[in-house]
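Some notes on the structure that comes next.
Whatever order the structure lists them in is the order used to number ligands and atoms, beginning at 1. Only heavy atoms go into these numbers, but all of them, side chains included; no hydrogens, no water, no symmetry mates.
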Amino acid sequence: MIFVTGGAGFIGSNFVLGWLAERDEPVINLDKLTYAGNRDNLAALESDSRHLFVQGDIGDTKLVDDLLRRHQPRVIVNFAAESHVDRSIHGPDAFIQTNIVGTFRLLEAVRAYWGGLPAAAKEAFRFVHVSTDEVYGSLEPQADAFTESHPYAPNSPYSASKAASDHLVRAYHHTYGLPVLTTNCSNNYGPYHFPEKLIPLMIVNALAGLPLPVYGDGRQVRDWLYVGDHCSAIRRVIEAGRPGETYNVGGWNEKPNIEIVQTVCALLDELRPRAGGTSYRELITYVKDRPGHDRRYAIDAGKIERELGWRPAETFESGIRKTILWYLENASWVARVQDGSYREWIATNYDARTASAP
Ligand code: NAD
Ligand code: TYD
């Protein structure tokens, strides 16, 4: 079986659902169920005996030791993390605890388990660490996209904590020979994306008739990848990646934020026109920028394409349409995740961001 951490979050739940749709190998899913973890995402697996869900912390050594010994996984995929930059600015502690200390404790437990495996199982074992392009910092407008040898220069508490975890993972290969692989992926979007991040926030705010808050001048660039394509890249890395290597994953799809917001508005105008015939674009509101806001990320995915034959299946046009249709068809999921703690976060992040000129 495989052992997934953070599999009730956005990417992790898409990964678990995709894995079990494709093959019969069971999944043990360890997730702390923070505000970002949601068992609803896995509702389709409720009576599926191939999915074993355990609520717990990657930093709980006794629990992880016990699960590893009992279930003997051949692969670990570590998605568990605090993942939102704005939350890391308001409260970095949880990022240090989970992303750095938690990853360290997980690595220690895995090292002990792996060390005791018989030779063939030890050889075949893989630890896949799921990371982000944000560890590379911000690119100038004309600079080449990030390759795997780009120096790390993280700028937010989130990206700094992910960078620290990447370094620990790397060191466990170099020092102990643990067969680790790291993926550094660009911004994902798709179903089950928690509506604190740009694309789902814009969709749910638009549908509720609320302002669409664009930070600063809206010209910051991100490189967007449909979540299903990120999951297929991770499956490919498990199958064929070389231990000790890192793989950048991206969609060759750089876009300024304002263009993303306008695309969301245009698709909603088509699929769910507003009463009165006005465009959702009227809700776009420029607000105070994020402190330390990275200007541009862009991924060169040449290595994973060349070495592992991976390519994204979706274009941005197909992926964003699918995503918006998913949100339109899953209004009850959206309503359930917008609980009291969500509303508190929205007030914390946006109340002080009064409208400003772009
Ligand atoms: P998410 O915030 O939606 O989900 C994170 C999950 O981890 C949640 O289910 C949460 O309950 C769980 N978790 C948090 N702390 C935990 C702990 N201590 N122990 C066990 N579980 C814990 O995040 P996501 O967007 O699905 O991202 C998953 C991973 O992919 C993260 O490591 C993130 O850094 C990385 N990543 C994300 C993106 C993106 O665009 N979302 C892009 C590249 C890489
Ligand atoms: P986000 O989805 O938080 O991902 P990340 O910061 O990890 O790239 O944000 C994507 C971009 O959208 C980023 O440049 C910040 C911007 N943004 C807004 O303009 N308004 C918002 O309300 C949010 C959440 C993000």
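Contact check for F104 versus I100: no side-chain heavy atoms found under the 4.5 Å cut-off. In this structure, N257 and R222 have side chains that are in contact, with non-hydrogen atoms separated by less than 4.5 Å. Residues Y215 and K288 fail the side-chain proximity criterion, which asks for heavy atoms closer than 4.5 Å. Put simply, the side chain of N99 does not reach to within 4.5 Å of the side chain of S83, judged on heavy atoms.
Distance alone, capped at 3.5 Å, places no donor-acceptor pair between the D31 side chain and the N29 backbone. In this structure a side-chain-to-backbone donor-acceptor pair under 3.5 Å is present from R50 to L20. Side-chain N or O atoms of R296 include one that pairs as donor or acceptor with a backbone N or O of P141 at under 3.5 Å.
Which parts of ligand 1 touch S186 is read off a 4.0 Å heavy-atom cut-off, strictly below it: atoms 42 (C), 43 (C). Applying the 4.0 Å criterion to heavy atoms of G37 picks out, from ligand 1, the atoms 8 (C), 9 (O), 11 (O). Near T34, the atoms of ligand 1 lying under 4.0 angstrom from a non-hydrogen atom of the residue are 10 (C), 11 (O), 14 (C), 15 (N). Within the listing of ligand 1, atoms 28 (C), 29 (C), 31 (C), 32 (O) sit less than 4.0 angstrom from a heavy atom of F79. Each of the atoms 19 (O) of ligand 2 lies under 4.0 Å from some heavy atom of V214. Near G56, meaning under 4.0 Å from any of its heavy atoms, are these atoms of ligand 1: 19 (N), 20 (C). Those atoms of ligand 2 that come under 4.0 Å of a heavy atom in E196, given as number and element, are 24 (C).
The nearest heavy-atom contact from the protein to atom 20 (N) of ligand 2 is P213 O, 2.8 Å. Ranking protein heavy atoms by distance to atom 38 (C) of ligand 1, first place goes to I11 CD1, 3.6 Å. Nearest non-hydrogen protein atom to atom 2 (O) of ligand 1 is S83 OG, 2.7 Å. Looking only at heavy atoms of the protein, atom 21 (N) of ligand 1 is closest to K32 N, 3.1 Å. What sits closest to atom 5 (C) of ligand 1 on the protein, heavy atoms only, is A81 O, 3.4 Å. Distance from atom 8 (O) of ligand 2 to its nearest protein heavy atom, with residue and atom name: R222 NE, 2.7 Å. Closest to atom 25 (O) of ligand 1 among all protein heavy atoms lies F10 CD2, 3.6 Å. Nearest protein heavy-atom contact of atom 14 (O) of ligand 2 is H293 NE2, 2.7 Å. Of the protein's non-hydrogen atoms, Y158 OH, 2.7 Å is the one closest to atom 34 (O) of ligand 1. Nearest protein neighbour of atom 10 (C) of ligand 2, counting heavy atoms only, is L198 CB, 3.8 Å. When only non-hydrogen protein atoms are considered, atom 30 (O) of ligand 1 lies nearest to V130 CG1, 3.5 Å. Looking only at heavy atoms of the protein, atom 19 (N) of ligand 1 is closest to I58 N, 3.0 Å.
For the pair K197 and ligand 2, the shortest N or O to N or O distance does not fall below 3.5 Å. Not a single N or O atom of V85, backbone or side chain, sits closer than 3.5 Å to an N or O atom of ligand 2. Distances between N or O atoms of A80 and those of ligand 1 include no value under 3.5 Å. Distances between N or O atoms of N187 and those of ligand 2 include at least one value under 3.5 Å. Annotation: W224 places no N or O atom under 3.5 Å from an N or O atom of ligand 2; distance criterion only. Checking only distances, Y350 does come within under 3.5 Å of ligand 2, N or O to N or O. By the 3.5 Å distance cut-off applied to N or O atoms, H193 is not counted among the residues near ligand 1. The shortest N or O to N or O distance between D31 and ligand 1 is under 3.5 Å. Residue D57 places at least one N or O, backbone or side chain, under 3.5 Å from an N or O of ligand 1. At under 3.5 Å, not a single nitrogen or oxygen of L30, backbone or side chain, sits near a nitrogen or oxygen of ligand 1. For ligand 1, the polar-atom distance check against N188 finds a nitrogen or oxygen pair separated by under 3.5 Å. Inclusion of N187 in the set of residues having an N or O under 3.5 Å from an N or O of ligand 1 is not warranted.
Within the 4.0 Å heavy-atom cutoff, A8 counts among the residues contacting ligand 1.
One finds a salt bridge joining E270 and R321 here, because a Lys/Arg side-chain nitrogen approaches an Asp/Glu carboxylate oxygen to under 4.0 Å. For E108 and R111, the salt-bridge test passes: some basic side-chain N is under 4.0 Å from an acidic carboxylate O. We find that R87 and E196 are joined by a salt bridge, their nearest charged nitrogen and carboxylate oxygen being less than 4.0 Å apart. Of the charged side-chain nitrogens involved, at least one lies within less than 4.0 Å of a carboxylate oxygen, so that K322 and E314 count as a salt-bridged pair.
With H90 as the fixed residue, the ring pair (Phe, Tyr, Trp, His ring centres under 6.0 Å) test singles out one of F95, Y158, W345: W345. A salt bridge (Lys or Arg N to Asp or Glu O under 4.0 Å) with E245 is found for one member of R170, K303, R126 and no other, namely K303.
Neither the backbone nor the side chain of Q97 comes within 4.0 Å of ligand 1, counting heavy atoms alone. Within the 4.0 Å heavy-atom criterion, the part of L201 lying near ligand 2 is the side chain and not the backbone. Contacts between L33 and ligand 1, counted as non-hydrogen atom pairs separated by less than 4.0 Å, involve the backbone only. Neither the backbone nor the side chain of Y158 comes within 4.0 Å of ligand 2, counting heavy atoms alone.
Checked against the 6.0 Å centroid threshold, F194 and F10 do not count as a close aromatic pair. Aromatic ring centroids of Y136 and Y297 lie 6.0 Å or more apart.
Within the set Y297, Y215, Y286, the minimum heavy-atom distance to atom 17 (N) of ligand 2 is found for Y215. With atom 6 (O) of ligand 2 as the reference point, the heavy atom nearest to it among H84, R290, E134 is part of R290. With A36, S131, C185 as candidates, the residue nearest to atom 44 (C) of ligand 1 on a non-hydrogen basis is S131. Of the listed residues (I199, D289, N257), the one carrying the non-hydrogen atom nearest atom 11 (C) of ligand 2 is N257.
Between F146 and H150, the ring planes lie perpendicular to each other; the angle is over 60°, past the 30° to 60° tilted range. Ring geometry for Y192 against W333 counts as perpendicular: the plane angle is over 60°, on a 0 to 90° scale with 30° as the lower cut.
V334 and L328 fall within a single hydrophobic cluster, where Ile, Leu, Val, Met, Phe, Trp and Tyr are joined by side-chain heavy atoms under 4.5 Å apart, directly or via other members.
For K122 and W114, the positive end sits near the middle of the six-membered ring, less than 6.0 Å away and at most 45° from its axis.
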